[in-house]
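Worksheet: the structure to be examined is printed underneath.
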Amino acid sequence: MASSIQFFENLMSPKKEIRENAEKDLEKLKLMPIAQTINIFKEGIESSNENVSQLSALLLKKTYLEQEEKRKELSQAEAQLLKDLVKSQINFQGRSWKTLQRLGDILSYVYRILSLSQGISEIMVWFSDQNLSISRKFGIYLIEVLCEIGALKEDSLDEN
């Protein structure tokens, strides 16, 4: 496989053969445990190229978090690793809103796995940031995603 950044760039390539080869690599990647792939996604998310960063975050979510059976395979340690990765990439002054949304999507699923109550506490910190309206917007977005994925149902709140 090409370097992580090159891999994500190849997935967006206008050249059919390059894109198809990258898509084959992506299918192989989807079969691997997160411990073997986290650095690939991490490098993509850390990219200064916002398109690469967004695609990497989106594919991480789709590969390990969107499907309930895959999500259930994640250990608490793996979920914490994802949370730490995402939180290290949240920069309200250096990231586009679209990238922040992609990171928020991952974080919402991770909150559902780890601790919804702790997640709500973290979201409240973003709500209370008086200096950055984008921080409050991010908090609102997280609440919206948590609602969409069914994390804020009454029985879910009782469990956490």
Side-chain angles (χ1 to χ4, degrees), residues 4-5 7-9 11-12 26 29-160:
S4 299
I5 303 297
F7 166 67
F8 292 109
E9 288 174 348
L11 284 169
M12 297 182 289
L26 176 62
L29 186 122
K30 287 179 179 180
L31 300 174
M32 300 167 70
I34 196 166
Q36 294 177 0
T37 63
I38 190 72
N39 285 331
I40 295 168
F41 289 107
K42 181 179 188 279
E43 288 177 28
I45 290 170
E46 290 176 342
S47 174
S48 59
N49 179 332
E50 288 291 323
N51 290 329
V52 168
S53 185
Q54 290 170 29
L55 179 61
S56 179
L58 177 66
L59 291 176
L60 176 61
K61 177 188 78 162
K62 289 191 168 295
T63 301
Y64 295 106
L65 297 167
E66 270 190 345
Q67 297 175 356
E68 187 174 355
E69 58 275 0
K70 288 292 270 186
R71 204 170 44 247
K72 286 182 177 181
E73 292 175 10
L74 292 176
S75 69
Q76 291 288 306
E78 291 168 330
Q80 185 64 48
L81 183 67
L82 284 173
K83 179 181 172 185
D84 294 343
L85 166 61
V86 169
K87 286 189 73 179
S88 74
Q89 296 303 308
I90 295 173
N91 176 351
F92 295 116
Q93 295 175 331
R95 290 287 192 170
S96 72
W97 175 243
K98 194 65 170 173
T99 299
L100 288 171
Q101 286 178 301
R102 295 290 165 250
L103 294 172
D105 293 344
I106 295 169
L107 200 53
S108 295
Y109 278 105
V110 170
Y111 284 153
R112 189 172 182 188
I113 295 168
L114 290 175
S115 169
L116 191 54
S117 60
Q118 182 183 5
I120 297 295
S121 296
E122 291 177 3
I123 291 168
M124 294 312 294
V125 170
W126 286 313
F127 273 136
S128 63
D129 187 339
Q130 299 300 313
N131 296 318
L132 293 173
S133 63
I134 192 149
S135 173
R136 289 188 296 280
K137 183 178 177 181
F138 184 69
I140 292 167
Y141 180 77
L142 287 171
I143 295 293
E144 289 173 352
V145 174
L146 286 169
C147 289
E148 286 175 14
I149 64 174
L152 294 182
K153 291 188 252 179
E154 189 175 326
D155 58 334
S156 297
L157 293 174
D158 292 340
E159 293 172 10
N160 291 305

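All values below were derived from every heavy atom in this structure, side-chain atoms included, with hydrogens, water molecules and symmetry-related copies excluded.
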Close side-chain approach of F138 to I123, heavy-atom, < 4.5 Å: no
Heavy-atom check, side chain of Y64 versus side chain of I106, under 4.5 Å: no
Residues in side chain to side chain donor-acceptor pair (under 3.5 Å) with [X], at least two apart?
X    : result
Q67  : none
T63  : none
E66  : K61, K62
Y109 : none

Residues that E69 engages under salt bridge (charged side-chain N to carboxylate O under 4.0 Å, His left out), provided they are two or more places apart: none
Nearest atoms (heavy-atom pairs only) where Q89 meets L103: O-CD1, 3.7 Å
Closest heavy-atom pair and its distance - S53, R95: OG-NH1, 2.7 Å
Parallel, tilted or perpendicular, as decided by the 30° and 60° cut-offs, for the rings of W97 and Y141: perpendicular
Pair E122, Y111: side-chain N/O donor-acceptor within cut-off below 3.5 Å: yes
D84 side chain to Q80 side chain, donor-acceptor N/O pair below 3.5 angstrom: yes
Counterpart residues, side chain to side chain contact (heavy atoms under 4.5 Å, CB included), relative to E148 (two or more places apart): none
